[in-house]
Amino acid sequence: MSEAQSSGAPSAAQATIQRRQPRRATTIWSLLAPLLGALAGLLVGAFLIWLSGANPITAYGVMVSGAFGGTRQITETLLLIGPLLLMGLGLTVAFRGRVWNIGGEGQYYMGALAGTVVGLFFQQRLPGLALIPLMLIAGMAGGALWAGIAALLKIRFGVNEIIATLMLNYIAEYTVLYLARVPLKDPTSFLPQSAQLLSPARMPTLVGTRIHLGIALAFLLIPLIYLLLWKTPLGFRIRAIGANTTVAYHAGMNVAFGLAFALLFSGALAGLTGIIEVSALHTRLKAGISGNYGFTGILVALLGRLHPLGVLVAACFFAALAIGAQTMHSVYGLPIALAQVIQGLVVLFVLAADALARRYGK
Amino acid sequence: MQDLNHLLTAAFVISLLTSGIRLAIPIFLAALGEIITERGGVLNLGLEGIMLVGALAGFMVAYDAEQLFAPSWLWLTPWLGLLAGAIAGMGMGLIMAVLAVSLQTDQVIASITLVIVGQGATTYLFRQQFGSLTARIHPLPAVPIPLLAKLPVLGEVFFQHDLMTYFSIVLLVAAWYFLYQTVGGLNIRAVGEHPAAADTSGINVTAVRYGAILIGAAFAGLGGAVLTVAQLGIFSEGITAGQGWIAIALVIFARWRPGLAFGGALLFGLATALQFRIQALNLQFIPYELLLMLPYLLTLLVLLRGTRRAEAPAALGRPYSKE
């Protein structure tokens with residue numbers, strides 16, 4: 001009724017007010033919903049802790065001190081924020097275009113592989129200053145190429161990217177395990193692992209700490225992703241495709257290019273994460289070099305509302321949860337996977353809270 | 001020498017076919033359930049998580065039942081596990097139904113998140129309950145069908161399986177009958193093709209979609225439980241190893257038809273069986289990693305065929321709300 005009246009003869013001011021009010025409500029809500037979701041997720045987590053016989057309040061206390069209780073703990077948390085942030089930022093670009101890349105694991109492995117091969121080949125011929133950038137570029141290329149297979153399958157053959165990227169996860173992992181076991185194998189070791197990256201091929205660290213270049217790069221990417229998505233024509237195109245592919249197509253946009261870019265870009269960041277983690281932490285290719293970042297990154301991007309700053313907050317929260325869960329494990333013997341349960345539940349609750357707000361908030 | 005070669009080849013092929021059928025069952029059940037769900041217009045990508053939850057629930061119930069009843073009721077305990085797997089699957093399905101139907105959230109996002117929750121929850125619970133203990137249960141025994149099992153070659157390939165394998169064929173027929181010959185199935189297909197028209201003709205779209213999701217999730221949970229309870233007798237983290245995702249690919253491959261899904265599942269079962277058999281031969285020139293990636297490569301190849309849009313249920317993935 002009121003809509004019909006105002007649409008009859010709306011004054012400019014009236015129209016502005018009417019347009020703004022719901023938008024402001026959604027802005028507040030877009031900040032409130034993740035908080036409520038986090039709270040609900042932590043409550044269910046508390047229930048699980050209580051079920052296994054520990055006191056949830058003291059257990060969460062242990063968790064907080066495990067994540068922030070001292071320099072060592074804060075360092076550990078920061079070291080985990082890096083990969084989660086990189087993964088989440090890449091997926092933010094993909095998901096903004098509604099490209100569902102769930103192959104972060106595979107792209108991570110391929111980035112790690114490409115970067116490590118470059119590192120092993122050049123580590124006795126180049127100084128770190130030249131080698132590290134080469135490795136990072138190789139890592140990004142490896143991840144992007146691997147995502148490119150899924151992009152090709154999607155654009156050329158209409159293969160759903162969700163299934164394609166996921167299948168490519170397994171193929172990438174087995175490929176890397178084979179290469180580490182046979183052609184790249186460390187001749188001095190009995191284990192199925194590649195030769196080791198030496199000091200020129202290791203991530204440079206901040207003097208006296210374990211904080212490395214990769215963490216700095218991750219933070220540096222926050223404003224860059226913002227600029228990409230909101231201040232460049234390409235970013236506009238990706239967001240337009242995500243909002244409505246058909247409209248974007250009829251507006252004359254090259255949809256295939258937008259999709260391919262979104263997929264390859266998220267693949268490149270996953271590959272970058274892979275080589276950074278190997279160079280800084282694992283120092284060689286072997287089983288278990290991925291920390292499930294491909295999947296946790298999905299949750300980070302979603303909880304961060306596909307906005308770089310939100311992704312930063314989500315990455316900090318999830319890193320603290322995961323590091324805290326390690327301490328909780330050593331104190332109470334609770335499985336570390338508790339962190340993953342809480343992380344998943346938080347996102348489910350946020351999805352539900354959003355939907356409820358959409359329905360009853362108007 | 002020549003004869004021995006022949007004998008070996010025949011034995012090889014027979015065992016390949018036999019285990020191919022067995023390995024097809026979990027994927028097939030999950031795909032069958034997903035066909036019912038998607039025919040109702042809901043895209044539930046959460047199969048991998050639902051299968052894992054079904055696999056663990058089935059394993060835990062069968063394990064506890066064995067501890068309680070052993071040694072006298074061992075024929076019953078796997079069935080309790082299978083039932084628990086289906087029920088646990090429905091529990092996951094209920095979460096999906098609330099999110100996708102009642103709250104109308106994005107089905108892709110909701111179901112991918114559901115997979116991650118399922119993976120985390122099963123890992124947590126398994127570690128918490130069993131720790132580093134390697135728990136084993138008695139899988140379902142093979143039940144040779146009288147007379148038929150004695151047939152040369154065919155007997156061994158088709159008629160010496162566990163009861164759950166035979167029962168899966170019954171479920172295939174039942175699902176086909178349900179979808180195409182009953183009012184319930186007709187309602188599901190109507191809601192998946194044109195929910196507004198279905199609504200106008202008096203069908204409760206919400207209720208039918210809830211039903212389609214719950215039935216599909218029960219099948220996926222059962223598929224997971226078949227893996228751990230009926231076949232392997234163990235659980236380990238991520239034991240489904242992507243089978244839930246392969247099942248989703250299979251639904252597309254089968255163009256949303258139950259019979260074709262069974263054929264497709266057999267193809268995957270055979271590929272997996274072949275992979276195991278070749279590994280057992282211990283050939284040096286084929287890396288075992290290459291064999292392990294076979295099912296996943298096959299999935300990609302199978303999808304290359306592509307689908308025309310018209311083959312999918314028209315309202316697939318779209319929430320329905322009354323104006």
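Note on naming: letters A, B, ... go to the chains in the order of the sequence lines (proteins, then strands), and numbering restarts at 1 for each one.
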Using non-hydrogen atoms and a 4.5 Å limit, figure out which bit of [X] sits close to chain B: side chain, backbone, both or neither.
| X | result |
| --- | --- |
| A:Leu166 | side chain |
| A:Ile342 | neither |
| A:Ile171 | both |
| A:Arg181 | side chain |
| A:Leu302 | side chain |
| A:Ile102 | side chain |
| A:Thr175 | both |

Counting only heavy atoms closer than 4.5 Å, note whether [X] contacts chain A via side chain, backbone, both or neither.
| X | answer |
| --- | --- |
| B:Ser102 | backbone |
| B:Leu45 | side chain |
| B:Thr123 | both |
| B:Ile112 | side chain |
| B:Glu48 | side chain |
| B:Ile248 | both |
| B:Tyr288 | both |

What distance do [X] atom [atom1] and [Y] atom [atom2] have between them, rounded to the nearest 0.5 Å?
| X | Y | atom1 | atom2 | answer |
| --- | --- | --- | --- | --- |
| A:Leu334 | B:Arg127 | CG | CZ | 12.5 Å |
| B:Gln128 | A:Ile49 | CD | CD1 | 10.5 Å |
| A:Leu168 | B:Thr299 | CG | OG1 | 10.5 Å |
| A:Phe157 | B:Leu303 | CZ | CG | 12.0 Å |

Below 4.5 Å, heavy atoms only, C-beta onward: do [X] and [Y] meet side chain to side chain?
| X | Y | answer |
| --- | --- | --- |
| B:Ile109 | A:Trp100 | yes |
| A:Asp354 | B:Thr105 | no |
| B:Ile246 | A:Ile163 | no |

Using a 4.5 angstrom heavy-atom cutoff, name the option from [options] with the most pairs to chain A.
| options | value |
| --- | --- |
| B:Val98, B:Leu125, B:Val108 | B:Val108 |
| B:Leu294, B:Val117, B:Ile116 | B:Ile116 |
| B:Thr122, B:Asp106, B:Ile95 | B:Asp106 |

The test is side-chain contact (heavy atoms from CB on, under 4.5 Å); show your working for A:Tyr178 and B:Leu290 and say whether it passes. CA-CA 8 Å; A:Tyr178 165 69; B:Leu290 183 68; over 6 Å; no
Donor-acceptor pair, A:Tyr170 side chain versus B:Gly242 backbone, under 3.5 Å?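 Yes: the side chain of A:Tyr170 pairs with the backbone of B:Gly242.
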Could you walk me through whether A:Met167 and B:Leu301 pass the side-chain contact (heavy atoms from CB on, under 4.5 Å) test, one step at a time? CA-CA 11 Å; A:Met167 292 301 128; B:Leu301 285 178; over 6 Å; no
Check whether more than 12 heavy atoms from other residues, nucleotides or ligands sit under 6.0 Å from atom OH of A:Tyr332, and answer yes or no. yes
Heavy-atom neighbours of A:Arg239 CZ exceed 12 at 6.0 Å: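 More than 12 within 6.0 Å, yes.
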Report the C-alpha distance between A:Gln340 and B:Tyr124 in whole Å, list the side-chain angles of each, state the deciding distance to 0.1 Å, and finish with yes or no for side-chain contact (heavy atoms from CB on, under 4.5 Å). CA-CA 9 Å; A:Gln340 197 190 343; B:Tyr124 175 79; over 6 Å; no
Can you name the closest pair of heavy atoms from [X] and [Y] and give their distance?
| X | Y | result |
| --- | --- | --- |
| B:Thr113 | A:Gly344 | CG2-O, 3.6 Å |
| B:Gly120 | A:Ala337 | O-CB, 3.8 Å |
| A:Ala164 | B:Leu300 | CA-CD2, 3.7 Å |

Ring pair (Phe, Tyr, Trp, His ring centres under 6.0 Å) involving A:Phe317 - partner list, sequence neighbours excluded: none
Find the one option among A:Ile162, A:Leu345, A:Val182 whose heavy-atom pairs under 4.5 Å with chain B are most numerous. A:Ile162
